[in-house]
Structures are given as C-alpha cells and as structure tokens.
Amino acid sequence: MEIGKTNHGLRGTVKIPGDKSISHRAVLFASLAKGVSQIDGFLEGEDCLSTIACMRQLGVEIDQNNDQVTVYGNGLDALQEPARVLDIGNSGTTIRLLMGVLAGRPFSSVLQGDDSIARRPMARVTGPLKMMNARIDGRQLGDLTPLHIRGGELRGIRYHSPVASAQVKSAILLAGLQAEGVTTVVEPHKSRDHTERMLKSFGISVRSDEHSASVQGGQMLHPVQIHVPGDISSAAFMLTAASIVKGSDCVLENVGLNPTRNGVIEVLEKMGADMTFLNERMAGDEPVADIRVRFAPLKAITIEGGLIPRLIDEIPAIAVLATQAEGTTIIKDAEELKVKETNRIDTVVNQLKELGAEVVATEDGMMIHGPVRLRGGEADSFGDHRIGMAMALCGLISDQPVSVNGTEAIAVSYPNFFEQLEELKMND
Ligand code: S3P
C-alpha cells in the first residue's frame, strides 16, 4: 500500500471503531454469564473475532452482525471441553484472558496462535495461575505456546505482578472468580481497568484502588447490555495524522477516554497539540468524547514512569509525532515494548530510520530528534498492525510516498483505517 502527501490537510469527521480491549472482555464475560447479553459498537477486528471463535469452540452460542453481538451465555459451568486446538490468531488478549477462565475449568484445552504469539512470553500469566493450582504446560516450561491447560480446583492468591499488565491482572481475576477465597493482584503501576469496570456491570463485586484489584471466588456473572466506546489506541493514529499534516481540521467521534488509557491525550497536550473535546458523555461504564483536532506546531517532551502503561500501545504513533516536534523526545521505562506483537523498540526505530527520521533505540525506549523532513520510501509492518499504521502516517508528510508492506496486519485492530484516512484526505 502506497501512502502519499495531501494537498492541504486532512479534513472531515470519522467515527472511531470499537475498543479492542473492551470488545474482547464484552464477549468473554458475556460468555460466562447466565443469560443473553447484547453488545453494540463491537470491534470487528481479527483479534476480537478470534475471541468469538474460541468462545464458540467452548460451546457458547454467539450471533455477530457487524458491530452488534448477542451472546447466549449459560454460565461458567456450561463451558465445554473444546474438540480442537483453540486458535487465538495474533491476539495476546485472547490467549491471556482465556487462560484465566480455563484455569478453573475441569477439562483440557490447548491454546495456540500465529508466529508472533509463539514468541511472546506467557509465564507472566501461567506462573501465577500455577500458584493458584492450575496445571499448565507449554514450551520453555509453560512460557511459550502451544499451551496445554487442565483446569480444576483453584485457590485464591495475593499476587505482586512485576509488570503493569492488564492481561496479567485480568487473567488472575478471572481465575480468582473460580477460586477458593479472595484473589488480589498488586501492580507496580495501574494498568487499564476495563476488567474491573465491566465485571462490576456484570454484577461482580470487585475491590480496586490505585495499585490493586481483588475478587472473592464463587460469584456469578449476570447478563447485561454493553456499549463499546471507540478505541483511543486507534484514534491515536488519526490524532497524530491531523496534528502533523498542515491545514488539518478533523473531528474524531466516539473516542473512549478511560483515565487508565488516556496517556496519549496528556502527551499531545504537553506537546502543544490543538484538541477540543466535544460532547463528553458516558458509554456504559466508560467516558467518551468527540475530539476536534487541528494541525499545530509540536514540541518534544519526556515520557516515562506511570504514564507508560497508560499509552503503551500508542508509542508507535507518538514516535511519528515526535519526528515533527521541536527538540528531543525521550521515551523511557518502556521495556514492555519489546514483548508486543513485535519488539516495538526495534521495529519503530528501524522503520522510522529507513524513512529518514533521527531516532536512537535505548535499553528501555527511544530518543527521537525533530523536526525532520522524512524522505519516504519502503517500510514494513512486520505483521504488527500498529507498526503498519505508524509507517502509513509517515507517507502523509514525507518527500516521497511511503510504500508499506504487510498492511493486511492492520485488520487486527482497525479494519477501516485506510478507508477513513482516504475519507479525510478527500475532503482536502
Ligand atoms: C491489553 C493490555 C495491554 C495492551 C494490549 C491490550 C488488554 O497489554 O498492550 O494491547 O486488553 O488487556 P499488557 O497487558 O501486556 O500490558
């Protein structure tokens, strides 16, 4: 896919597609509830479709019509042993959350995904689940897929996670719902809290504060109606595009602004972006707004510490922003980037360099000097949706177009990314 400059800027209004993290949880939790749950605004990305496919293999009836999903849950106890390997595709959230569910089920299942999943660490989840009594095995003593789980009687634990990870926290809490006693997860920084918010709407009592979340075992989920807000991680690419392309003036509708996810907004504000928040409201348990964003000159900042988990998925987009900001943007404390769909320190730095950016990789992040005129040329997603989108944005401002290989990966989280970008370019 080749992406080139626009004449005057990006203009118009687009509706940001559903939040990936929330869509996964909506299908998964509704599958555990007894009764019919309705979901609207569901993200039809490949990752979330993998979650639906896995829940169907576990015996749950699910109807999906575009962004409308109906889940006919029969309760946790009705889940059935899958006849075949559960294929989780490229989705880290599917495999890690599902492990928490399967850890307490009295049957055997095997989980496997694509080549990227096969490289990603699973011991951060299998370790604590084993402490709870689950029997899990896999390559490298249960760190790598394929994973085999034989669930059973679990006991509650108090677990201090070394990483701020919502996938780890959510898996342990889902196992905790099936465990004897109380299960608590303590984190170094608060990770996204969609699980805590949504479990509450399913009738579960969850105690949470700045660093921990707890559930008591044996609680039942009750069906609900869920409205999925737009994904701020997807919006981040359009916020970036409009901020760096001269003359842009766009409205992004339906952007989820959960405080554990809105680090990119804080960063954009500090960098000097021009954003106005319109129509602030709630979509179920989650705050949402429309954002008007216009081109603005940007300045470099340092991004570190507790801010990192609140914007970890947005770093590829932020790195592109930083190439156009005055000064040196420093991103640190972000080692977690190394274990995403690709090693995103390497892929972001190498790909941006290819296109003419001045970027240096560090042990726990990167340093980006700006503003620079990007040359353009060839880039690759390396099968990572967010790398594909970040590189596409470079084409909007580089001297020569950017030709991105492997753009099919973008369907994981933002299937209509290019359509929406084209729409904004056409109003130019
Ligand atoms: C997610 C949590 C984050 C994030 C991922 C989605 C989730 O991963 O990067 O895209 O839905 O819980 P970690 O839990 O590994 O931080």
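The analysis underlying the following values was restricted to heavy atoms, covering all of them including side chains, and did not include hydrogens, waters or symmetry mates. The chain is numbered in sequence order, starting from 1. When a ligand or atom number is given, it counts from 1 through the structure's own listing order.
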Is the shortest distance from a Lys or Arg side-chain nitrogen in R386 or D313 to a carboxylate oxygen in the other one below 4.0 Å? yes

Practice prompt. For ligand 1, find out whether one of its N or O atoms is nearer than 3.5 Å to an N or O atom of E336.
Written response: no

Do any nitrogen or oxygen atoms of I312 lie less than 3.5 angstrom from nitrogen or oxygen atoms of ligand 1? no

Ranking L311, I315, D313 by closest non-hydrogen atom to atom 5 (C) of ligand 1, top hit is D313

Filtering H194, R192, E187 for the heavy atom nearest atom 2 (C) of ligand 1 leaves R192

Taking distance alone, no hydrogens or angles, what donor-acceptor pairs closer than 3.5 Å link side-chain atoms of residues 149-161 to residues at least two apart or in another chain?
unit_1	atom_1	unit_2	atom_2	d
R155	NH2	M131	O	2.9
S161	OG	V163	N	3.3
S161	OG	V163	O	2.7

Using only heavy-atom distances, determine whether the side chains of R207 and Q216 contain a donor-acceptor pair under 3.5 Å.
no

Looking only at protein heavy atoms, what sits closest to atom 11 (O) of ligand 1 is S21 OG, 2.7 Å

Logged contact type for H24 with ligand 1, heavy-atom cut-off 4.0 Å, is neither

Give every donor-acceptor pair under 3.5 Å between a side-chain atom in residues 59-66 and any protein atom, sequence neighbours left out.
unit_1	atom_1	unit_2	atom_2	d
D63	OD2	Y72	OH	3.3
Q64	NE2	E44	OE1	3.4
Q64	NE2	N66	O	3.0

The closest protein heavy-atom partner of atom 15 (O) of ligand 1 is K340 NZ, 3.3 Å

Hey, is R25 one of the residues with a heavy atom under 4.0 angstrom from ligand 1? yes

